[in-house]
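The block underneath contains the structure these notes are about, expressed in structure tokens.
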Protein chains: 2
Amino acid sequence: MILPVELSCKSEYALLALIELAAHYDTGEPLQIRQIAAQQNIPDRYLEQLLATLRRGGIIRSQRGAKGGYTLAREPWKINLLEVFICIEGLETQPNAQDSDAKSDKTLEGAVILEIWQEAHRAASAILQKYTLQELRDRRDSRRQLDFMYYI
Amino acid sequence: MILPVELSCKSEYALLALIELAAHYDTGEPLQIRQIAAQQNIPDRYLEQLLATLRRGGIIRSQRGAKGGYTLAREPWKINLLEVFICIEGLETQPNAQDSDAKSDKTLEGAVILEIWQEAHRAASAILQKYTLQELRDRRDSRRQLDFMYYI
DNA sequence: ATCATACCCCGGTTTTCCACTGGGGTTTAG
DNA sequence: CTAAACCCCAGTGGAAAACCGGGGTATGAT
């Protein structure tokens, strides 16, 4: 059906990678696939595809050649989670329902269900939209602090 | 991953069937698989499984034998969409994260992502929880009225 | 210049899950 | 006792997700 909002491996990998990139954003230096993959236990050849998608989506930039790698295309607080999901999962469609009488569900009941489903989807999207990579990074860091405190 | 919030065929079929059952609730008579399947264009053998799940979930009751069929276990306004989804998709788990140190994501970053994801999920769930089968039925009926008006 | 590094592109494989089907059995009204 | 209906469980086909590999291209260092 339309509207596959799920936390797939893909999305999680992408976000994990983006957290790393956000953490290294200050340095201006690019991060390489290998490093990210090792840090987060992601199969590197797979991660490569995801990063390519993120690049095409304008979320990250890539530098080719030796000493190359990836950097965020914008500041971490200007990238929200919703656009990451949309970029990765690629839920582009959902144009206006009618073009003459296409196959747009065609039953009253289906339309009613879809309507409510979309309302729920919008609610979830609003949450994702208000969180940025910066917040993710900050939360990670404060968690680290906390764990360190417990360790002592 | 955890938390697959998506509108699957399964869920849609189940809701379509439940709308039919809600519409016939006043009569007290049971509805048969064949009738529901024909009405909503659902493969009947498949629908059978879904109805079985709904029955085990306490959402509908079944009457065996000749003249048997299915009825809602409660009034249509006492069944909300969230419980239908939970029953059908079976997202039961999500216990407290730690039992010693199981495989519960184990990385800080994963936990942070999961946390936000769950917040989004709760937002969507709240929407689904506030709609009942009665509302679905009502919407369907008023849509029908509207379409009829246009027809004239 | 050349060479190692690291991204780029595109296709294949494996695994998993979903939608769907089939073959029996059991209960119940007439 | 028989037909109508639900009940249970075990498959199958296809598609998508996750993952891997090969060869190409740009780039910094020597």
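The sequence lines fix the lettering, A, B, ..., with proteins before strands; numbering per chain opens at 1.
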message = Measuring only between side-chain heavy atoms, which start at C-beta, is B:Phe85 closer than 4.5 Å to B:Leu15?
response = yes
query = Can you list every side-chain hydrogen bond (donor to acceptor under 3.5 Å, both in side chains) pair that touches residues 22-38 of chain A, not counting sequence neighbours?
reply = A:Gln32-A:Gln35
task = Go through the side-chain N and O atoms of A:Ser8 and A:Glu89 and say whether any donor and acceptor fall under 3.5 Å apart.
result = yes
ask   = Do the side-chain N or O atoms of B:Ser62 get closer than 4.0 angstrom to the phosphate oxygens (OP1, OP2) of D:dA5?
value = no
inquiry  = Output the rounded distance in Å from CG (B:Leu50) to C1' (C:dC18).
reply    = 12 Å
C:dC8 phosphate, OP1 or OP2, under 4.0 Å from A:Tyr70 side-chain N/O = yes
query = Atom CD1 of A:Ile88 and atom P of D:dA17: how far apart are they, to the nearest Å?
reply = 12 Å
query = Would you say the base of D:dT25 and the side-chain of A:Arg64 have a donor-acceptor pair closer than 3.5 Å?
reply = yes
inquiry  = Going by side-chain contact (heavy atoms from CB on, under 4.5 Å), name the residues that satisfy it together with A:Arg144, two or more places apart in sequence or in a different chain.
reply    = A:Arg140, A:Asp141, B:Leu108, B:Glu109
inquiry  = Do A:Leu16 and A:Ile86 land in one hydrophobic cluster if side-chain heavy atoms of ILVMFWY residues count as linked below 4.5 Å?
reply    = yes
request  = With the side chain counted from C-beta on, respond yes when B:Thr71 and B:Leu21 share a heavy-atom pair under 4.5 Å apart, and no when they do not.
outcome  = no
note = B:Ile33 CD1 to C:dT21 C1', in whole Å, measures 14 Å
query = A:Lys10 NZ to C:dT15 P: how many Å, rounded?
reply = 20 Å
So which protein N/O to nucleotides 2-5 of chain C N/O distances come out below 3.5 Å?
unit_1 : atom_1 : unit_2  : atom_2 : d
C:dT5  : O2     : A:Ala66 : N      : 3.1

Side-chain donor-acceptor distances from residues 48-68 of chain A under 3.5 Å, at least two apart:
unit_1  : atom_1 : unit_2  : atom_2 : d
A:Glu48 : OE1    : A:Arg45 : NH1    : 2.6
A:Thr53 : OG1    : A:Gln49 : O      : 3.1

query = Between B:Ser8 and C:dC18, is there a side-chain N or O to OP1/OP2 distance below 4.0 Å?
reply = no
message = Distance check needed: C:dC18 P versus B:Leu7 CG, whole Å only.
response = 14 Å
Sort me out a list of protein N/O and nucleotides 8-15 of chain D N/O pairs below 3.5 Å, or just none if empty.
unit_1 : atom_1 : unit_2  : atom_2 : d
D:dC8  : OP2    : B:Arg55 : NH2    : 3.1
D:dA10 : N6     : B:Gln49 : NE2    : 3.2

message = Check this one for me: any side-chain N or O of B:Tyr13 less than 4.0 Å away from OP1 or OP2 of C:dC20?
response = yes
request  = Figure out the CD/P separation between B:Glu12 and C:dC18, and round it to whole Å.
outcome  = 16 Å
request  = Indicate, with a heavy-atom threshold strictly under 4.0 Å, whether B:Leu51 touches base, sugar-phosphate, or nothing.
outcome  = nothing
query = Can you tell if the side chain of B:Ile116 reaches within under 4.5 Å of the side chain of A:Leu136, non-hydrogen atoms only?
reply = yes
inquiry  = Just the rounded figure in Å: distance from P of C:dA19 to CD of B:Gln40.
reply    = 17 Å
inquiry  = Heavy-atom nearest nucleotide on DNA chain D for A:Gln63 versus A:Tyr46: which residue maps closer to 5'?
reply    = A:Tyr46
inquiry  = Checking A:Glu135 now: which residues fulfil side-chain contact (heavy atoms from CB on, under 4.5 Å) with it, not counting sequence neighbours?
reply    = A:Tyr131, A:Thr132
